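Taking it in order: structure first as structure tokens, then the write-up.
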Amino acid sequence: MRYWRVERRQAEGQLDFGRTLELMAAIGHADVNAVAGAILKTVSTVAPIAQCTIFAYEFGNRPRTVAVADRRGGRFLQDIAESYARHYYALDGNQRVIAAAPGRKLDPAIVLHQQASDEIDHPGYRATCYQKPNVSDRLSLLVQPAGEIWLSVNFYRDSSQGQFQPGEIAAVETLSPLLAYAAKHHYSLKGQPALGVSPMMLARLRQHGPQLSKRELDVLRGVLEGLTAVEIAESMGVQPSSVITYQKRAYKRLGISSQRQLFALCLGPPAI
């Protein structure tokens with residue numbers, strides 16, 4: 001498992017002009033998965049790729065699926081993406097980049113992160129996100145479209161394709177400025193309206209309670225969205241009793257005891 005900043009380099013060879021136009025046309029497309037499909041086709045010109053996903057990590061919350069593309073079609077990859085977002089994202093090696101320094105300013109760098117199946121220790125994460133979809137290796141392009149927001153554009157290799165080779169990774173690096181541009185501008189057109197008020201309110205909560213865990217923040221987000229304990233439990237894949245425990249623990253960390261106080265904390269002045 002490794003990650004590194006992309007050094008801008010001169011492109012070697014040529015990218016088909018029609019492929020570039022297809023990628024640009026997918027930005028902001030009504031089909032939410034069109035941009036992932038166009039990116040998949042573009043990267044497949046330099047390396048064999050089976051699947052592509054784009055996740056948005058917003059204000060430290062669990063990720064939201066922006067788009068997916070799978071050569072097999074259907075909802076299979078969408079379901080895998082939802083399982084990742086519910087249960088396993090905190091175990092992802094990309095958190096060393098995304099969650100390294102909360103509150104830091106916008107970083108214009110493009111970061112690549114490689115994570116192979118045999119590098120994942122957690123059996124559930126490895127089985128659900130790598131073994132079940134028959135993935136051997138993943139290469140992720142990480143870019144920040146705005147402060148406290150990261151996008152992860154992920155390329156997955158089928159087990160029959162083996163792991164990414166150095167020459168293939170170098171070719172993806174060459175394309176990375178184009179891919180980052182497409183992902184960021186698609187997000188600005190299609191991603192930001194879906195944020196709603198809750199993530200912004202959670203950002204305020206993290207100022208007041210930096211010690212809050214990701215699970216506790218997930219529960220508080222559900223509370224802010226007006227969900228019941230049962231609905232929150234279903235979205236997180238836990239028992240309702242666990243939701244109540246996380247909520248009580250979060251309230252104690254924040255020094256509050258009610259939902260009314262929770263909203264007041266979110267809408268009040270920022271922590272000093």
Side-chain angles (χ1 to χ4, degrees), residues 1-29 31-47 49 51-59 63-69 81 84 89 92-101 104-115 137-157 164 166-195:
M1 185 183 303
R2 64 192 183 103
Y3 64 92
W4 65 99
R5 293 166 68 100
V6 172
E7 300 296 335
R8 303 295 171 122
R9 62 173 71 190
Q10 177 140 8
E12 300 176 2
Q14 294 182 342
L15 179 63
D16 180 79
F17 185 63
R19 187 70 68 207
T20 306
L21 286 177
E22 183 180 353
L23 177 57
M24 294 301 100
I27 296 174
H29 197 282
D31 178 357
V32 295
N33 294 321
V35 69
I39 288 176
L40 176 62
K41 291 178 181 178
T42 301
V43 177
S44 294
T45 62
V46 299
I49 307 292
Q51 304 160 350
C52 173
T53 61
I54 304 175
F55 289 105
Y57 300 79
E58 300 151 327
F59 305 99
R64 183 168 53 82
T65 305
V66 175
V68 303
Y84 166 83
Y89 76 96
D92 196 330
N94 69 16
Q95 293 296 303
R96 294 175 62 184
V97 177
I98 292 171
R104 65 184 173 188
K105 295 182 178 179
L106 178 65
D107 187 344
I110 300 171
V111 179
L112 287 181
H113 173 251
Q114 185 179 12
Q115 179 173 271
D137 198 8
R138 186 198 71 186
L139 186 64
S140 299
L141 185 156
L142 305 173
V143 64
Q144 252 188 311
E148 296 200 56
I149 298 175
W150 283 88
L151 297 178
S152 176
V153 184
N154 307 292
F155 311 117
Y156 304 89
R157 291 290 285 264
F164 285 96
E168 295 170 331
I169 293 175
V172 175
E173 282 194 53
T174 300
L175 290 176
S176 61
L178 172 65
L179 304 176
Y181 173 90
K184 288 195 296 183
H185 283 269
H186 180 78
Y187 178 81
S188 70
L189 292 172
K190 288 292 186 178
Q192 289 182 343
L195 281 175

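The figures that follow rest on heavy atoms only: side chains count, while hydrogens, waters and symmetry mates do not. Keep in mind that this is a model prediction, so the values were computed, not measured.
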Which residues share a ring pair (Phe, Tyr, Trp, His ring centres under 6.0 Å) with His29, sequence neighbours left out: none
Donor-acceptor side-chain pairing of Thr53 and Tyr156 below 3.5 angstrom: yes
Is there side-chain contact between [X] and [Y], with at least one heavy-atom pair below 4.5 Å?
X: Ile110; Y: Leu142; answer: no
X: Val35; Y: Ile54; answer: yes
X: Arg138; Y: Asp92; answer: yes
X: Tyr84; Y: Phe55; answer: yes
X: Asn94; Y: Gln115; answer: no
X: Val143; Y: Trp150; answer: no

Distance-minimising heavy-atom pair for [X] and [Y]:
X: Ile169; Y: Gln114; value: CD1-OE1, 3.6 Å
X: Ile27; Y: Ala182; value: CD1-CA, 3.7 Å
X: Leu141; Y: Leu112; value: CA-CD2, 3.8 Å
X: Val6; Y: Ser176; value: CG1-OG, 3.5 Å

Please round to the nearest 0.5 Å and tell me the distance separating atom [atom1] of [X] and atom [atom2] of [Y].
X: Glu22; Y: Met24; atom1: CD; atom2: CE; value: 10.5 Å
X: Gln144; Y: Tyr187; atom1: CD; atom2: OH; value: 11.0 Å
X: Thr42; Y: Leu23; atom1: OG1; atom2: CG; value: 4.5 Å
X: Leu139; Y: Asn154; atom1: CG; atom2: CG; value: 9.0 Å
X: Ile39; Y: Asn33; atom1: CD1; atom2: CG; value: 11.5 Å

N/O donor-acceptor pair under 3.5 Å between [X] side chain and [Y] backbone:
X: Asp137; Y: Phe164; answer: yes
X: Glu168; Y: Ala47; answer: no
X: Thr174; Y: Ala170; answer: yes

